[in-house]
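Letters go in sequence order (proteins before strands), and every chain restarts at 1.
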Number of protein chains: 2
Amino acid sequence: MRITEQSYLVLLALAEEPRHGYGIVQAVRDLSDDEVRLGAGTLYGVLDRLVAAGWAEASGEEVVDGRLRRYYRLTGAGREALAAHTDRLTALAARARRLVAPRPATGGAW
Amino acid sequence: MRITEQSYLVLLALAEEPRHGYGIVQAVRDLSDDEVRLGAGTLYGVLDRLVAAGWAEASGEEVVDGRLRRYYRLTGAGREALAAHTDRLTALAARARRLVAPRPATGGAW
DNA sequence: GGAGACGGGTCGTCGCGCGATATATATCGG
DNA sequence: CCGATATATATCGCGCGACGACCCGTCTCC
């Protein structure tokens, strides 16, 4: 499957710990500095695709204050995919930084 | 407009220097370690949206070996948008690295 | 009793990715 | 000479993914 910014953020949110839907929305909002706010449609669409890809799975339910929470967790494959994409992102960001900001912020010798 | 990985890579390719369509495809392929290969449909779709957003503009034509080259360059606004998104990407990648990698080094062959 | 946070989910629209296709020139191997 | 490959442009249509609108509820606070 295609890894978009939204699906990547969901993977990242689940990497920390298993979360329920609403918790994922908040975690993504937090991870992205309040710039990515998942709507319900986006969330469940992403979740369905992650489960179909074998990268996430349902992880039990819980009732808190009369409200149902449905949890999801990463699979091993999901964790691998996340790590791989994170490597690519890191490399890309480093490359981009060189192209975008010609002056070295770290005061390097080059 | 929405900044996707594809449109981001095109912005990055144009940040280095003005390029023509085919040159952008090759630059993106290079920037992404041969993992993102823009098809014609993707390229011109992205280009249209970048121009419509005021982030890129046509920059003259040239004929080389009997083939027409149509050049595009970044605008000031495009450069700002690119820098802003690069900052977000860098921050996200750093955050992700903390969550994802208990292992010390990147260990790649690059 | 109403507003707003918390919690689940579906549906329809539309933007975007992308392959297929069309058109044309230069190069190189067989 | 012919076909394959690379360079170069652009359009079209399909399908997937993002996202808001909307639906159902509970609990808390005012």
Applying a 4.0 Å non-hydrogen cut-off, can you work out what [X] is touching in the nucleic acid: base, sugar-phosphate, or nothing?
X     : result
B/R67 : base
B/T42 : base
B/V46 : sugar-phosphate
B/G41 : base
B/E61 : nothing

Residues [X], [Y]: salt bridge by 4.0 Å N-O rule:
X     : Y     : result
B/E5  : A/R88 : yes
B/E61 : B/R69 : no
B/R95 : A/D33 : yes

Send over the distance from [X] [atom1] to [N] [atom2], rounded to a whole Å.
X     : N      : atom1 : atom2 : answer
B/L43 : D/dC12 : CG    : P     : 16 Å
B/R49 : C/dC18 : CZ    : P     : 11 Å
A/L47 : D/dC19 : CG    : C1'   : 15 Å
B/Y71 : D/dA8  : OH    : C1'   : 11 Å
A/I24 : C/dC6  : CD1   : P     : 15 Å
B/L68 : C/dA22 : CG    : P     : 22 Å
B/L38 : D/dA10 : CG    : P     : 15 Å
A/E5  : D/dC19 : CD    : C1'   : 14 Å

**Presence of donor-acceptor pair under 3.5 Å, side chain of B/R70 and base of D/dT9** = no
Look at the side-chain N and O atoms of [X] and state whether any lies under 4.0 Å from the OP1 or OP2 oxygen of [N].
X     : N      : result
A/Q26 : C/dA5  : no
B/Q6  : C/dC18 : yes
B/R2  : C/dC14 : no
A/Y22 : C/dG8  : no

**Message:** Closest approach to the side chain of B/T4, judged atom by atom: which nucleotide of C/dT10, C/dG8, C/dC16 is it?
**Reply:** C/dC16
**Message:** Could you go through A/Y72 and A/E57, starting from their C-alpha distance and side-chain angles, then the distance that decides it, and tell me whether this counts as side chain to side chain donor-acceptor pair (under 3.5 Å)?
**Reply:** CA-CA 6 Å; A/Y72 292 87; A/E57 59 189 3; over 6 Å; no
**Request:** For B/V64 and for A/G45, find the nucleotide of DNA chain D with the closest heavy atom, then tell me which residue's nucleotide is more 5'.
**Result:** B/V64
**Item:** A/Y8 ring center within less than 6.0 Å of A/H85 ring center
**Value:** yes
